[in-house]
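For this chain, numbers begin at 1 and follow the sequence in order. Owing to the predicted nature of the structure, the values given are computational and were not obtained by experimental measurement.
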Amino acid sequence: MSRLIHIGMDVHTTNYTLYAAETIFCDYQVMSHPILFETVKPDVKYIVSFVERIKKMMGDDCIICCGYEAGCLGYSLYRKLTKYGIKCVILAPSTMLEPKSGKRIKTDARDAKLIADCMASPNGCSYVYIPTQNDDDIKCYLRMRDDHKIALKKIKQQINAFCLVQGYHYEKTKWTEKHLRWLRTLELKGIVREILNEYLITYNDLDSKLERFEERIEEFAARNEYAESVKNMCCFLGIKTHTALSLLVEIGDFNRFKNAQTFSAFLGLVPDKDASGNHDPRMPITKAGNKHCRTLLTESCNGIRRGAVGYKSKELRARQKGRSPEVIAYADKCNERLRRKYQKMIHRGKNSNVATTAIARELACFIWGMMTGNIGSSKMSPVSQG
């Protein structure tokens, strides 16, 4: 029988701390026996050398698995080790076992050992889903676009604040062609005019970049591996190409979630629970898991809540054109349900943000149903579970 070796790696930009231990199953218990400990420079070749030394000590037939916490290195170290034929996993920090001692003493060596122990324990942790290289690249591009969108919002705020300080306030709809013309023709002189011009140059640069990014995102969405799923997801209210593609590359395989409830929990959209005895208080959502996807769904629901129940705009009809009747019916059922639920919650006196979060959770359940093929009338359980 091959010997099982787990290597816990506490990785930083300055060094890697490696802790290797053999996992031994004895009398229905899992025991860990330390083999080798070392701190090396942050280069994959030192990990490969570490693994080779363990093979010489324990035999070439031993099974070795490396692991590290999800963090600043992303998937890069995983992919480098995989190229060398070394099995590697990435641990979700929120699911890792806590040290047995009451007060934790945090050092690189202790963290590396904890990672190895979590890997050895049957219920010690959960592993992070590894996206394809293509999904990861597009995800980075989409997040880069979002960073520029935030920068554009900030420069707009700065321009408005600067004009207000100078005694000018535009009362009509801002950031139209008329508003921009008003900014360019303000009677400002000297350095003050120069400052506003520099602000406008930055604004125009970011605005043109975002237009270019949107065109590139449409090209990504038209690829064979994404096109059908993006078009189906765009049948939902509040979801367009950017949001649909973002959800696809962020989530990857929707089938890895056994039901809609599990998917909404992954997004952190389910209420937290802290029940003791007869005390079972209502708590906010967990906000665990993928923050980016949770934000996208919440922003989508900000658009859903404004319309009338049953109303379909020309834009939504255009997005649904060419989709199968089953997909359109499923999306329409979702759109009507979410708007109706939001209005009912508001009439009952619920806070607007609470109601928006509630329909975001249901939207996540409907998306899971769409992406896993559970859209038939007999398979509507994902929504009720959400």
Counting only pairs under 3.5 Å, give me each side-chain donor-acceptor contact of residues 177-190, with atom names and distances, residues two or more places apart or in other chains.
unit_1	atom_1	unit_2	atom_2	d
H179	ND1	W175	N	2.7
T185	OG1	R181	O	2.9
T185	OG1	W182	O	3.3

For E336, salt bridge (Lys or Arg N to Asp or Glu O under 4.0 Å) partners two or more places apart: R340
List the atom pairs, with distances to 0.1 Å, where a side-chain N or O of residues 149-159 and a protein N or O form a donor-acceptor pair under 3.5 Å, not counting sequence neighbours.
none

Which residues share a salt bridge (Lys or Arg N to Asp or Glu O under 4.0 Å) with K231, sequence neighbours left out: none
Pairs where residues 244-255 contributes a residue and the test salt bridge (Lys or Arg N to Asp or Glu O under 4.0 Å) is met, not counting sequence neighbours: R143-E250
Let me check something: any side-chain donor-acceptor pairs from residues 113-130 under 3.5 Å, sequence neighbours excluded? List them with distances.
unit_1	atom_1	unit_2	atom_2	d
K113	NZ	D117	OD2	2.9

Residue pairs involving residues 216-227 (criterion salt bridge (Lys or Arg N to Asp or Glu O under 4.0 Å); sequence neighbours excluded): R216-E219
Sequence-distant partners of R256, salt bridge (Lys or Arg N to Asp or Glu O under 4.0 Å), two or more places apart: none
Acceptor/donor pairs from residues 195-213 side chains to any protein atom, 3.5 angstrom cut, sequence neighbours excluded:
unit_1	atom_1	unit_2	atom_2	d
N197	OD1	R193	NE	3.3
N197	OD1	R193	NH2	3.2
N197	ND2	R193	O	3.3
T202	OG1	E198	O	3.1
N204	ND2	L200	O	3.1
S208	OG	N204	O	3.1
S208	OG	D205	O	2.8

Summary of salt bridge (Lys or Arg N to Asp or Glu O under 4.0 Å) pairs that have at least one residue in residues 76-93, sequence neighbours excluded: R79-D136
By salt bridge (Lys or Arg N to Asp or Glu O under 4.0 Å) - contacts of R305 (at least two apart): none
Qualifying side chain to side chain donor-acceptor pair (under 3.5 Å) pairs with a residue from residues 30-47, counting only residues at least two apart or across chains: E38-R53
